Structures are given as structure tokens and as C-alpha cells.
Amino acid sequence: MLEKQMIENLKKMRELGENPYKYRYDITHSIKEILERPDDFIEKEVVSVAGRVISKRRHGKIMFLDIKDEMSKMQVYLRKDDIGADIYEIAKLMDIGDIIGVKGQIFKTKTEELTVKSDEFTLLSKSLKPLPEKFHGLQDKEIRYRKRYIDLIMNDDVKAVFFKRSEIIETIRKILKGYNFLEVETPVLQPVYGGAFAEPFTTHHNAQDMKLYLRIANELYLKRLIVGGINRVFEFAKDFRNEGMDKTHNPEFTQVEFYQAYADYEDMMNIVEEIFENLVPNGSIEYQGQKIDFKRPWKRIDFYGSIKEKTGFDIKDKTVDELKDIAKKLHIDIENKKTSGKIIDEIFSETVQNDLINPTFVINQPIDISPLAKMHRDIPGVVERFEPIIAGMEVGNAFSELNDPLEQEQRFNEQVKERKLGDSEAFEFDIEFIEAIKYGMPPTGGVGLGIDRIVMILTDSPSIRDVILFPLLKKEK
RNA sequence: GCACCUCUAGCUCAACUGGCAGAGCAACUGACUCUUAAUCAGUAGGUUCAGGGUUCAAGUCCCUGGAGGUGUACCA
């Protein structure tokens with residue numbers, strides 16, 4: 001009904017000789033600029049601003065509007081006597097949601113509100129769908145995610161999250177570029193997937209009649225570039241994992257991975273700390289009611305050691321049956337976990353991970369859950385690896401990269417075995433990657449950081465869907 | 001995947017143990033030249049997510065399906 005009325009208003013505008021969809025409009029100032037230093041504008045230069053009408057108060061021959069541009073909103077005062085009777089007729093046909101431009105001086109009303117006194121009024125784009133009610137805004141989560149544009153129109157804090165997201169990515173990029181890392185692009189479509197434990201999405205290339213996977217990670221390609229002599233390399237990558245969705249998982253998500261030749265995992269911990277030092281300049285933030293302190297150096301805890309400390313059990317060098325027994329004693333459900341690596345990992349996340357609120361590097365993970373990491377130089381059975389944990393969330397993964405091709409070959413073979421034992425997430429054997437590192441890969445440190453989770457933490461968002469503009473939803477039926 | 005919850009006007013929400021489907025905002029008509037959740041008078045607006053069942057009677061109870069949320073599983 002309302003839509004019918006809005007189309008009716010559009011028609012009436014056309015009958016009055018108005019084109020309701022203009023081509024351009026000269027804006028002299030953003031509303032934000034005017035609000036920031038009002039004294040420079042009040043009763044001074046003529047400004048023109050443009051934005052969406054979000055509310056309308058008509059009083060006979062005058063009207064007040066609130067318009068909103070990208071960042072801010074401001075009141076507009078329209079007088080029939082100022083803009084002319086013809087234009088005032090157009091203004092009367094304007095609906096909430098229409099996009100307009102106004103030109104005039106800034107003044108303060110009796111109630112001290114900064115207002116544009118419009119001498120010229122231009123309807124720039126007629127809307128034909130009613131916006132949600134102004135006071136309660138848009139609450140329905142389904143509409144907010146499915147039609148994010150309405151969410152952005154109505155909810156300023158949502159817009160702020162995505163501006164912040166862009167800022168975070170820019171900060172990371174700037175730091176890496178500052179250290180002469182080269183930004184590259186590597187394939188999303190991969191004939192062999194690898195670099196992480198996950199189920200891939202599969203697709204098909206018709207012309208080549210070839211099965212392809214959407215990447216679950218870009219690690220093995222970036223390492224090829226290290227082999228090729230690009231000594232510092234990074235990529236902001238959309239990765240895809242064919243798995244369940246929850247507060248911290250979306251099937252497509254963003255990671256930044258970076259690799260530095262001649263560095264080890266200690267060096268990479270320093271860069272990660274530096275990145276967060278820049279992302280959180282005042283040293284601490286609050287996330288979901290908990291204070292998080294980012295001051296360097298971050299706490300480091302040993303993978304096996306922290307489990308022992310927490311539970312009293314030393315789970316290193318145990319058989320699968322012994323591990324199952326320990327898990328049982330700790331009341332951890334490991335029904336679906338078959339390999340010792342999976343059980344160990346589960347014990348860790350159930351006992352230690354959730355309590356790590358302040359940024360912590362969990363270091364020296366077991367070798368059997370780290371097929372791309374180099375063995376620890378001193379401690380047998382573990383690798384040189386760290387996972388940064390913040391607010392109980394794993395926000396990254398990093399190692400001194402394994403560059404011994406024969407050992408890598410062996411590790412892939414282990415994965416193939418696990419795959420045969422039923423672990424559908426175990427690696428495929430990537431023979432081309434082995435070939436690449438056979439040409440010689442320098443010692444290298446590498447890091448992957450989960451951008452979405454980092455944005456969640458820095459914007460105090462409880463769900464990954466709040467930091468992804470268009471999170472995956474089922475098709476509407 | 002499983003469990004629980006939700007789905008009513010464009011939006012935000014009501015409707016008792018089954019008994020005429022309602023309000024505010026938005027919209028429409030009229031009044032109003034400093035209002036701001038403008039005000040005042042009036043008007044209109046519904047496949048109650050879809051389909052089936054029980055009943056004299058279903059928004060409400062039952063079944064099937066859909067979408068969303070929360071938790072859990074999976075997921076490094």
C-alpha cells in the first residue's frame with residue numbers, strides 16, 4: 001500500500017515536470033564537517049549538502065527534515081517562501097527515504113539545533129520502498145543480514161563496524177608494506193587444496209573438464225613465492241571451508257597470510273605483537289564485558305605444559321588409548337576423534353583455550369597436528385609453531401616453516417594415511433609443492449591471521465556475522 | 001546434523017485457559033511559518049511464514065515443511 005503511494009508521489013512529481021532521478025549534485029561539505037566546527041558555518045558561507053531524508057515534520061508552509069549523509073545527520077529547514085511555491089509542491093510529495101540536496105546557510109533554531117536553511121531544494125532520487133520505523137529501527141536479524149543496505153541506513157553502529165574493518169585491514173597492510181612485504185594474489189581455484197585442515201568446496205571447470213577446489217588456505221602458494229625469491233610476501237585472502245556455521249565461523253572468511261624468508265616463529269611473534277600494538281593504540285579494549293590488555297610482550301604458554309598445569313595430566317608421548325582414557329577422566333567427549341592429534345587438540349581447546357582472554361601465544365604444538373611446521377630445534381616431538389589466542393578465540397596460526405622437502409614428503413604421507421583412516425580433513429598429497437621446495441626454500445617464518453575474528457574483537461561484536469557485510473544465509477523460498 | 005525458541009500491518013510489538021486480530025511509528029485527508037519520537041481531527045491498511053489436521057470456533061492446540069535466532073556437534 002505504501003509502495004503504491006510512493007509510486008503515486010513519483011508520478012505526481014513527473015506531472016509537475018520534475019525528474020526524480022537527477023544526474024549529479026555539487027556537495028560543498030559533508031554534514032560531519034559542518035557539525036565538527038559549527039562556528040565556522042553559522043550565518044556564513046552558503047553550503048550544499050545531500051543525504052537521505054530520515055524524518056519529516058510538516059507545518060503548513062514550512063517543514064523540517066532530518067537528512068543523513070554517509071556519516072552524520074542534520075536538520076533541514078524548508079520554507080515555501082524561500083524555495084518557491086512550485087518546488088514546495090515537489091517537497092510535499094517527498095517521502096521518508098528519498099535522497100535530496102539542499103543549498104543554503106547554516107543557522108541555529110530556537111531550540112539550538114544546527115540547521116540548514118534551505119534556499120534551494122533538489123530532489124535527487126525518489127525512493128519507492130518504505131524504511132523501517134525510526135524509533136526502534138530495524139531489529140529483525142534476518143532482514144539485517146539479508147538486506148544489509150537497510151541495516152546500514154538504519155543502524156549507525158553497523159556502519160561504524162565496517163568502516164573500522166577497512167581501517168584494520170589498512171593498518172595491517174601498512175605495517176607489512178613498511179617492512180617491504182610484497183602484496184600478491186594467488187589462486188582461489190586450486191586443483192589440489194591444502195594449507196589447513198578443512199573440507200573444501202568443490203567446483204568444476206567445464207572447458208578443461210577439471211575438478212577444482214575453492215582454496216581453504218593460500219599457504220602453499222605463498223611458499224612457492226618464497227622459493228621463487230620473493231622474500232617477503234603477503235596476501236589478504238578469502239578462504240572457503242565447507243563446514244558448519246556459528247558465532248566464529250562463516251563458510252567464506254578472510255585471512256591475511258604473510259611469509260618472511262630467513263625468519264623464524266620468534267620473529268613472527270614480534271610482528272604479530274607489533275600489528276596489534278598499532279591496532280589497539282591505547283593498549284586495551286573491552287570485548288563483551290571483558291577487559292583485554294594488549295601490552296607487549298604477550299604471554300606465551302607451552303602447549304603440553306599448559307595442559308599439564310591446568311589438568312595435572314602430561315599428555316605427551318601417549319598412545320591413542322592412553323589419551324582416550326585421559327579425555328574420559330577429564331569428561332571430554334572425543335567420540336568423533338580418531339587420531340591422537342585430534343584428541344590432543346580437543347583436550348587443549350576444552351581445558352586451556354577458553355580461559356585465555358588476554359592475548360596469548362600458545363607455542364610448540366605437537367608434530368602430528370602440524371604437518372607444515374618445522375620440528376622444534378631443541379624439544380623433540382613438537383614443532384616451532386604458535387597460535388595467538390584472544391578472548392578465547394584462535395585468531396591465527398604461525399610457524400617456522402618446514403623447508404626440508406624429504407621430511408615434508410613424509411609428513412604428507414602421514415596425512416594420506418590419516419585420510420585413509422577416515423579423517424576427511426587430512427591433507428592431500430601436494431606433489432607440486434614438494435617439487436617446489438626441492439629447489440630449495442630458505443628458512444622462513446609464516447603467519448596467518450583471521451581478519452574477521454580480529455574485527456569482532458576490536459568492534460566488540462559477538463558474532464562473525466556482525467563483521468561480514470553479507471554473511472551466508474539460506475536462499476529465500 | 002541435533003535440541004530449544006521465534007515468525008502477526010512497511011517497521012517495532014500486543015492479543016488471558018481456543019471465542020469479533022489491536023496499538024505506536026510510517027502512509028492518506030485536513031489544520032498549522034522554529035519543529036524535532038512535532039501536535040490536533042479524521043481515514044485506510046492483514047494469506048497471523050506455507051500446507052494439512054483437531055474443533056461449533058485456531059494467531060493460539062497437533063502434524064509436515066520453510067526461514068531466522070540461541071546452544072551443541074563439526075570446524076585449528
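All chains are named by letter (A, B, ...) in the order of the sequence lines, taking the proteins before the strands, and each is independently numbered beginning at 1. These figures come from a predicted structure and were not determined experimentally.
One atom, CZ of A:Arg146, and another, P of B:G10, lie 18 Å apart when rounded to the nearest Å. Rounded to whole angstrom, the span from the NZ atom of A:Lys56 across to the P atom of B:C25 amounts to 15 Å. Distance CD1 (A:Ile153) to C1' (B:A26): 15 Å, rounded to an integer number of Å. Between the C1' atom of B:U35 and the CZ atom of A:Arg57 lies a distance of 6 Å, rounded to the nearest Å. Regarding A:Phe135, its CZ atom lies at a distance of 12 Å from the P atom of B:C25, rounded to whole Å. Distance, A:Tyr77 OH to B:C32 C1': 13 Å, rounded to whole Å. Taking atom CG on A:Asp466 and atom C1' on B:U70, their separation rounds to 14 Å, with Å as the unit. Remark: P of B:C7 and NZ of A:Lys141 are 16 Å apart, rounded to the nearest angstrom.
Straight-line distance between the P atoms of B:A37 and B:A50: roughly 37 Å, to the nearest whole Å. Rounded to whole Å, the C1' atom of B:A3 lies 11 Å from the corresponding atom of B:A73. When the P atom is used for both B:G10 and B:G45, the distance is 12 Å, rounded to whole Å. The P atoms of B:C32 and B:U48 are separated by 41 Å, rounded to the nearest whole Å. A gap of 12 Å separates the P atoms of B:U60 and B:C16, to the nearest Å. Across B:C62 and B:C2, the matching C1' atoms stand 22 Å from one another, rounded to whole Å. The gap from the P atom of B:A21 to that of B:A9 amounts to 15 Å, rounded to the nearest Å. Spacing of C1' atoms, B:C7 relative to B:A44, comes out at 26 Å, to the nearest Å.
With B:C34, B:A26, B:C11 as the choices, the nucleotide that has an atom nearest any side-chain atom of A:Pro132 turns out to be B:C11. In the set B:G69, B:C28, B:C34, the nucleotide with an atom closest to the side chain of A:Leu473 is B:G69. Of the candidates B:C34, B:A26, B:A37, B:C34 carries the atom nearest the A:Thr109 side chain, counting heavy atoms from C-beta on. If you check B:G68, B:A26, B:C25 against the side chain of A:Leu2, the one that comes closest is B:A26. Checking B:U12, B:U35, B:C74 against every side-chain atom of A:Glu346, the shortest atom distance belongs to B:C74. Counting only heavy atoms from C-beta on, A:Glu133 has its side chain closest to B:G10 among B:C34, B:G10, B:U33.
A:Leu131 comes within contact range of no nucleotide atom at all, as no heavy-atom separation falls under 4.0 Å. Across all strands, A:Glu113 comes closer than 4.0 Å to base atoms (heavy-atom distances). Using a 4.0 Å heavy-atom distance criterion, A:Tyr145 is classed as a sugar-phosphate-only contact. Residue A:Asp82 is classed as having no contact, given no heavy-atom separation below 4.0 Å to the nucleic acid. Residue A:Lys129 is classed as having no contact, given no heavy-atom separation below 4.0 Å to the nucleic acid. Among the protein residues, A:Phe107 comes within range of the nucleic acid bases, having at least one heavy atom under 4.0 Å from a base atom. At the heavy-atom level, A:Arg58 lies under 4.0 Å from base atoms of the strands shown. When heavy atoms are screened at a 4.0 angstrom cut-off, A:Gln139 is found touching the sugar-phosphate backbone but no base atom. Note on A:Arg465: only backbone sugar-phosphate atoms sit closer than 4.0 angstrom, heavy atoms only; bases stay farther off. Counting non-hydrogen atoms under 4.0 angstrom, A:Glu142 reaches the backbone sugars and phosphates but no base.
The shortest distance between the side-chain N/O atoms of A:Asn9 and the OP1/OP2 oxygens of B:C28 is below 4.0 Å. Side-chain N/O atoms of A:Lys134 include one lying less than 4.0 angstrom from OP1 or OP2 on B:A26. Contact between the side-chain N/O atoms of A:Lys474 and the OP1/OP2 oxygens of B:A67 is found at a separation under 4.0 Å. At the phosphate of B:A27, neither OP1 nor OP2 sits under 4.0 Å from any side-chain N or O atom of A:Lys4.
In this structure, A:Asp81 does not pair ionically with A:Lys61, as no charged nitrogen and carboxylate oxygen lie closer than 4.0 Å.
Counting heavy-atom neighbours within 6.0 Å of A:Lys318 NZ, excluding the residue itself, gives a total above 12.
The base-pairing partner of B:A57, taking Watson-Crick or G-U wobble contacts with both distances under 3.5 Å, does not exist among the strands shown. Base-pair partner of B:A21: not found among the strands shown (Watson-Crick or G-U wobble, both distances under 3.5 Å). Remark: B:G1 base-pairs with B:U72. Criterion, Watson-Crick or G-U wobble with two distances under 3.5 Å. Searching all strands for a Watson-Crick or G-U wobble partner of B:C16 with both distances below 3.5 Å returns nothing. As the counterpart of B:A50, B:U64 is assigned, both hydrogen-bonding distances of the Watson-Crick or G-U wobble pattern falling under 3.5 Å. B:C28: Watson-Crick or G-U partner is B:G42, with both key distances under 3.5 Å.
A donor and an acceptor atom sit less than 3.5 Å apart, one in the side chain of A:Asp246 and one in the base of B:C74.
Between the side chains of A:Tyr221 and A:Glu219, not a single donor N or O lies within less than 3.5 Å of an accepting N or O. In summary, the side chains of A:Gln255 and A:Arg453 do not present any donor paired with an acceptor at a separation below 3.5 Å, with no hydrogens or angles considered.
Evaluated for a side-chain hydrogen bond (donor to acceptor under 3.5 Å, both in side chains) with A:Asp66, the options A:Lys73, A:Arg57, A:Lys56 yield exactly one hit, A:Arg57. Among A:His376, A:Arg385, A:Glu384, the one residue that satisfies the side-chain hydrogen bond (donor to acceptor under 3.5 Å, both in side chains) test with A:Ser400 is A:Glu384.
Under the 4.5 Å side-chain criterion, counting only non-hydrogen atoms from C-beta, A:Asp98 is in contact with A:Asp95. Side-chain atoms of A:Thr109 and A:Tyr77, non-hydrogen and from C-beta on, never get closer than 4.5 Å to each other.
Each of A:Glu112 and A:Pro371 was matched to the nucleotide of RNA chain B holding its nearest heavy atom; the match closer to the 5' end belongs to A:Glu112. Nearest-nucleotide positions on RNA chain B place A:Asp140 closer to the 5' end than the other of A:Gly60 and A:Asp140.
Listed for the A:Glu243 side chain is a donor-acceptor partner under 3.5 Å among the backbone atoms of A:Glu199.
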